[in-house]
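Report on the structure given below.
Order of appearance sets the numbers: ligands from 1, and atoms from 1 within every ligand.
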Amino acid sequence: MARIELKNLAHAYQPNPKDAADYALKPIDHVWQDGLAYALLGPSGCGKTTLLNIISGLLKPSQGQILFDGTDVTTRAPQERNIAQVFQFPVIYDTMSVYNNLAFPLRNRKVAETNIRSRVEEIAEMLDLSADLEKRAANLSADAKQKISLGRGLVRSDVAAILFDEPLTVIDPHLKLLLRRKLKQIHARFKLTMVYVTHDQLEALTFADRVVVMNDGQVLQIGTPQELFETPRHTFVGFFIGSPGMNFLACRVSRGKALVGSAQIALAADYGALEGDFELGIRPEFLKLHATQTLGSLPVKICENENLGSCKIITVQLADQQLKVRLGEEETPPTTAGFLEFPAAWIRLYAKGLLVEPEPRKQPTQEVPP
Ligand code: ADP
Ligand code: MG
């Protein structure tokens with residue numbers, strides 16, 4: 001397994017890129033640690049496959065380098081990189097049996113037949129393919145074929161990394177959940193470096209140790225699911241992750257308070273020195289909605305109450321801006337008007353889409369007596 005280093009890596013499909021818009025992948029510098037499971041998450045067309053194919057060697061980047069364990073592999077072909085890749089659609093040999101399909105990557109590496117048998121059986125067991133080993137791949141369902149593809153990706157234990165490009169797209173929802181769990185177990189057991197592309201936040205957040213959030217060719221944040229949830233470094237990350245996503249309110253910050261219209265929201269002490277126009281971000285989960293006024297809560301109009309079974313999403317209006325509040329299924333929200341509390345610890349501020357780091361308040365300098 002390898003540590004993967006991306007050095008000033010970028011890619012444009014057209015030959016003479018002029019500005020940022022010409023790049024399918026804008027410059028990225030990052031080290032991906034050995035043995036961790038990464039998810040590349042972002043909307044369709046944001047550059048996930050481009051980045052994955054550069055790592056695997058299917059695509060040569062227009063600038064920068066990729067290092068596996070310190071060795072520059074930028075110009076090496078996929079076969080020379082010792083990686084396994086699983087694609088969106090099954091890549092299998094239809095005429096071969098399931099067993100031979102799974103054994104193929106091992107035979108290619110001249111692994112002894114007895115070792116092949118035990119490894120193939122182990123992988124088949126994990127993917128519930130044991131009963132199908134002697135069947136011809138051609139006769140199986142789309143789901144089973146994709147499981148074979150996954151198995152072919154997982155069968156070698158000596159690869160530098162396993163790369164998955166939306167591998168569960170063709171799988172039905174119930175099996176998807178099971179396979180996602182299986183992949184996570186396999187990762188936990190073998191500590192493989194895995195990179196998993198998906199546009200589905202749930203898939204990314206449940207599978208990965210680190211999630212790489214991309215939009216428009218750019219990597220916006222790399223973090224643990226908790227970091228992305230609690231402290232998105234970009235408003236896109238806040239909005240894209242969570243259901244519903246983070247609320248953003250245009251506000252004016254002054255003297256430790258954020259002003260939304262005439263409503264005053266108290267900020268954490270760390271933001272005390274800040275002045276100017278910002279976006280205030282807060283997750284629907286962290287807002288509190290009361291029927292009667294509590295200390296510091298602000299009057300809001302209730303616009304909508306959506307009951308999703310396991311939770312309730314309430315749309316409220318503060319000044320001229322709307323926010324979503326997420327309540328537990330057992331909570332009963334007020335019907336037409338209520339009071340909204342903004343816990344200061346969960347308020348984040350953004351300027352031009354980027355997180356503004358709070359600054360610890362400076363200690364007043366001691367006056368020197370004359
Ligand atoms: P994702 O996998 O996130 O959906 P891709 O990496 O496939 O995104 O695509 C990123 C951008 O690059 C898109 O705008 C897409 O249209 C463009 N693109 C992808 N492949 C090619 C190609 N072979 N030639 C030209 N443009 C491409
Ligand atoms: Mg793609």
Mutual orientation of the aromatic rings belonging to Y93 and F104 [parallel < 30°, tilted 30-60°, perpendicular > 60°]: tilted

Angle class for the F207/Y196 ring planes (parallel below 30°, perpendicular above 60°, tilted otherwise)? tilted

Pocket residues of ligand 1, ordered first by chain and then by residue number (heavy-atom cut-off under 4.0 Å): Y13, A24, P43, S44, G45, C46, G47, K48, T49, T50

Answer yes if the side chains of Q85 and N53 hold a donor-acceptor pair under 3.5 Å, and no otherwise. yes

Under a 3.5 Å cutoff, is there a donor and acceptor pairing between the side chains of D69 and T71? no

Note, [X] side chain near [Y] side chain (heavy atom, < 4.5 Å):
X    : Y    : answer
R283 : N247 : no
L249 : L323 : yes
V325 : V300 : no

Short N-O contact, K312 and E304, less than 4.0 angstrom: no

Answer yes or no: is there a donor N or O on one side and an acceptor on the other, between the side chain of E331 and the main chain of G328, under 3.5 Å? yes

Shell check on the Mg ion (ligand 2): protein N, O or S atoms less than 2.8 Å away are T49 OG1

